[in-house]
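For reference, the structure discussed in these notes is given below.
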Amino acid sequence: MEYNFRAIEKKWQEQWKASGAYKVSNESSKPKFYVLDMFPYPSGKGLHVGHPLGFIASDIYARFKRLKGYNVLHPMGYDAFGLPAEQYAIEHGIHPAVSTAQNIQNFREQLDNIGFSYDWDREVRTSEPGYYKWTQWIFLQLFNSYYDRSAQKAKSIALLVSVFEQEGNLNQECPGDSSLQFNASEWKAFTQKEQQDILMLYRLAFCGYGEVNWCEALGTVLANDEVVNGVSERGGHPVVKKKLRQWYLRITEYADRLLDGLKTIEFSEAMTEMQTNWIGKSYGAEIDFAIVSPQSSAQLTPHAAPLTVYTTRPDTIFGVDFMVVAPEHELIEKISTGEQKAAVEEYITYVKSRSDRERQAEKKISGCFTGAYAINPFNGKQIPIWISEYVLAGYGTGAIMGVPCGDERDHKFAQHFKIPITNIIGEYYNGVEANPTKDAKLENSDFLNGIVMRDAIAIVNNRLEEMGIGKKKVNYKMRDAAFSRQRYWGEPFPIQWKSGIAIPLPETELPLLLPEVDSYSPGPEGEGPLANIPEWVARELETNTMPGYAGSSWYFLRYMDPHNNETFCDRKVSDYWNQVDLYIGGTEHAVGHLLYSRLWTKVLFDLGHIGFQEPYKKLLNQGMIQGSSRFVHRLKTDPDFFVSHNLISEYDTLPIHVDVNIVDGLELDIAAFRIWKPEFANVKLLLDNNQLITSSETDLKGGRFICSAEVEKMSKSKFNTINPNDLVNKFGADTFRMYEMFLGPVDQSKPWDTKGIEGVHRFLKKLWRLFFDEIKGKLWNDEKATDEELKVLHRTIRKIEDDTERYSFNTAVSAFMICVNDLSDLKCSKREILEPLTIMLTPYAPHIAEELYHHLKNTPLFAQQRGAGGELSVLDASYPIFQEKYVTESSKEYPVSINGKVRTNINIALDATAEQVETIALSNELIQKWIEGKPVKKFIFVKGKMINVVV
RNA sequence: GCCCUGGUGGUGGAAUUGGUAGACACGCAGGACUUAAAAUCCUGUUCGCCGCAACGCGAGUGCGGGUUCAAUUCCCGCCUGGGGCACCA
């Protein structure tokens, strides 16, 4: 009987489906465990081998926990709204709902192939009305809430209104406009529109104006991704910044809580750092500088408005040699003087054509003097005001003070424009590069001279506050999250506009269904496609739709209670399942999805809808599977002539992508190549041994055609994608699952390489042969296991359990291999050993495990024990328990090194004392030889590890 | 420009992070079985040197320093692959 994986896998997949083996109940006496994958966007390209890496890891962990006696929630669904489906609709006229459904079906087939343990009854699709009804509902919660800063939590906006009626906004600083102040009677005197405009400045979901990438030629707004070098990626049309009405989420109010929450969850250090950097909390000060402009060469005119800069280093105020304001800064127009005006305008025009990204990455220093000067409030020094693209309008006040001796970028700026540099840190500054130290004693700093910079910060802050020209200020890099898109394929906002007032739809009218449209093209004036629908516009409904991250911000909750029509998720149910215990996905969502879903969770918590405020207890990042592309090299002068890679230095060639599937290692399958594309059918190939072959020749004359290789993103256009289906067909799901894990640590990025998959497949066949012999048939028996066999088993139990628990799936696979190798050597086919092994293997290779388990259990004895009709599945077996007594050793082969070099091994009892060990070791002949009679300086003995003799 | 990650045999990786570098697997070489192939099994496989061999010696975890009895692991300085950026005053 041989290992017929195709029949076995098909049989058990059907059986598990029929028996509802993966159905999960919300009620159980077992402890709960929630394992979640980042749900995929169902793209038209289908799954490639990179996708399942995380899915397999989570499936292994979920099945492992199930065997360990947990009630495990392990769902899957689709993040089904998104731009690609809309793009596809524009190009092909196919409704996004239709193409999305097709893609989902395709994904599902691929997923089913691999044998995941998802409870498909809980599937969610964010684009289904039954789902987005609740996305809209949560949006209304956000819309109807504000952030109470003193209580540090979200509260109902109705509450805020009653506060305003009693005391105005005296104790409720306005997050949208900190200068806004009114008392109770003023509030009551406002018109309804005025009141609503004010409330908008408080709401957690609010409407405002913001800049977007606008492409006039395409008549649409573009994502940053779609803009390359100031033009649209598609078509290369110019893109400009345009202000549009936008919805936002007031995530900035939650900055501190998002920061604090990181301490309560297990994210990787890198991930925590990324989120921390994104939030970007900094402590500094805002300082007002008076401005003067020369009216004539002799006369300086003061300006009414000051230049306010934000700095984290007020202690360096005497080192300020110039100011830089962002090119968008509103002051520029007022302060730039006649002589400089033209240059300033020219510079601003140049900057406008550039993206923020380009501006930041630019190595070349650019800038323009405005002609105006700021006055240092402490010593009256005139400081030139420049504009430069490296200062961004969106951060701080959009203006900085340049301290060249302490900041590298300022230093380069000063050097480039030959601005004299004031040294305030003495020998800490070497004149060549800036030194951002806080340890220097200040010099050239008036009343701060001799004070350590670190201490000077508070002194300057106090002085500025006394003078009324500065205040301490905490700043965040993070900005409020833009929450609207001028697109079709997303959730409609449940908002009507009446006389400029946003009115939420009553909950009873949810879901507000996404209407059918004739065309998916954008609406007029940068509005979304919904603006093209007369009925929609007539109802005065919002024409924007929600962004992709809306639906994914709360999907983990819907899985818990997916069919509930009364509420997004029953509170009792969310109390039971609680946080996601293990969340697996890629780092690409480090700051987007992961931050937004944390925000939504906190708001839902504040409003009392759920009982926890961090969605994910533990996050595991899977590495990216890269593609390993192959290239053939073609003569530049002759498109029908290809040169083997080892010879290209002698020719002028161009690399061309070739399908990795027709290259074995680096050797091209020439016959397959000629068939691959018709244009290659008759080409000439110069082989590695300098033999030239033409289309008619099949004899390779002992040569090979060698390709070159490069690691790139996995993508269809690079012909380096591998479809998991092909591998599953060839080797089976169990082999595929184990091979993906065997590839390396799950969190490490690596290029895909199929060539080792045979080894894993051989392992499963070898395991099979412990159970069955081709001639003798059944091998397993009920003989008593020997100590040695039990030692092999229990070592394996310890290793697999430990490795699985710490997500080291690659080493677990190798532990299985070692175990099966050992058992084969021992010719052990005893049930006592094989049964626990089979159970342990279940998370990794469920199909073969179930098959073998059933063979083992297919005896009258077990049938009797089970009773009539008793279901039997390895999925619910109990995990073998490790027993120390089988693996304890009494002695160890100690490596002995002399002066750090290992010279020999000696076997010493583990319970030997240090003195005994020293005596034994030093009397050893070989060790004596190496000591060469020299005195022993030091004898180091690390129990259970090694011995080192220093002479 | 800034941030985060990696760099170990021919290849993927192991060494649970100071304590025997190269587990496990691929590939390769040789052999057994076979008419042959597939499958399977056995042996060898970091590099260099000496040698018939056992053994032995030396080098070795990107490069150069350092700390230590002991460094893939810790520190300093470089080189380099990959990923991300709204980067921060």
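All values derive from a computational prediction rather than experimental measurement. The chains referred to below are lettered A, B, ... by the order of the sequence lines, with proteins before strands, and numbering in each begins at 1.
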Under 3.5 Å, side-chain donor or acceptor atoms of residues 311-319 of chain A against the rest of the protein: list the pairs with distances, not counting sequence neighbours.
from: A:Thr311; atom 1: OG1; to: A:Arg313; atom 2: N; distance (Å): 2.9
from: A:Arg313; atom 1: NE; to: A:Asp315; atom 2: OD1; distance (Å): 3.1
from: A:Arg313; atom 1: NE; to: A:Asp315; atom 2: OD2; distance (Å): 3.4
from: A:Arg313; atom 1: NH1; to: A:Pro436; atom 2: O; distance (Å): 3.3
from: A:Arg313; atom 1: NH2; to: A:Asp315; atom 2: OD2; distance (Å): 2.9
from: A:Arg313; atom 1: NH2; to: A:Thr437; atom 2: O; distance (Å): 3.0
from: A:Thr316; atom 1: OG1; to: A:Arg313; atom 2: O; distance (Å): 2.7

- Scan A:Asp802 against the nucleic acid and name what it touches under 4.0 Å (heavy atoms): base, sugar-phosphate only, or nothing. base

- Looking only at atom C1', what distance separates B:G27 and B:A36, rounded to whole Å? 24 Å

- Expressed as a whole number of Å, how far does the C1' atom of B:C52 sit from that of B:U34? 34 Å

- Could you write nucleotides 68-74 of chain B as a row of B, S and -, 5' to 3', where a protein heavy atom under 4.0 Å of any base atom gives B, of only sugar-phosphate atoms gives S, and otherwise -? -BS----

- Strand contacts (RNA chain B) in residues 737-756 of chain A, 4.0 angstrom heavy-atom criterion: A:Phe742, A:Leu743, A:Pro745, A:Gln748, A:Lys750, A:Lys755, A:Gly756

- Query: Rounded to the nearest 0.5 Å, what separation is found between the CZ atom of A:Phe882 and the CZ atom of A:Arg798?
  - Reply: 4.0 Å

- Give a yes/no on whether any side-chain N or O of A:Arg762 is located under 4.0 angstrom from OP1 or OP2 of B:G27. yes

N/O donor-acceptor pairs under 3.5 Å from side chains in residues 940-951 of chain A, not counting sequence neighbours:
from: A:Lys943; atom 1: NZ; to: A:Leu910; atom 2: O; distance (Å): 2.3
from: A:Asn948; atom 1: OD1; to: A:Ser897; atom 2: OG; distance (Å): 3.2
from: A:Asn948; atom 1: OD1; to: A:Gly900; atom 2: N; distance (Å): 3.3

- Which string of ( ) [ ] | and . matches RNA chain B, if you list each base 5' to 3' and count Watson-Crick or G-U pairs only when both distances are under 3.5 Å? (((((((..(((......[....)))((((((.......))))))((((......))))..(((((..]....))))))))))))....

- Do A:Arg737 and A:Ile60 have side-chain heavy atoms sitting under 4.5 Å apart? yes

- Message: Just to be sure I understand the geometry, which residues of residues 407-415 of chain A put a non-hydrogen atom under 4.0 Å away from RNA chain B?
- Response: A:Asp407, A:Arg409

- Query: Hey, does the side chain of A:Arg769 come within less than 4.0 Å of B:C41's phosphate (OP1/OP2), counting only N and O?
  - Reply: yes

- Is the A:Phe5 to A:Phe731 ring centre distance short of 6.0 Å? no

- Item | Length of the line joining A:Leu767:CG and B:A25:P, which is rounded to integer Å | 14 Å

- Contact class for A:Val896 (heavy atom, under 4.0 Å): base, sugar-phosphate, or nothing? nothing

- Message: From CD1 of A:Ile317 over to P of B:A89, roughly how many Å is that when rounded to an integer?
- Response: 17 Å

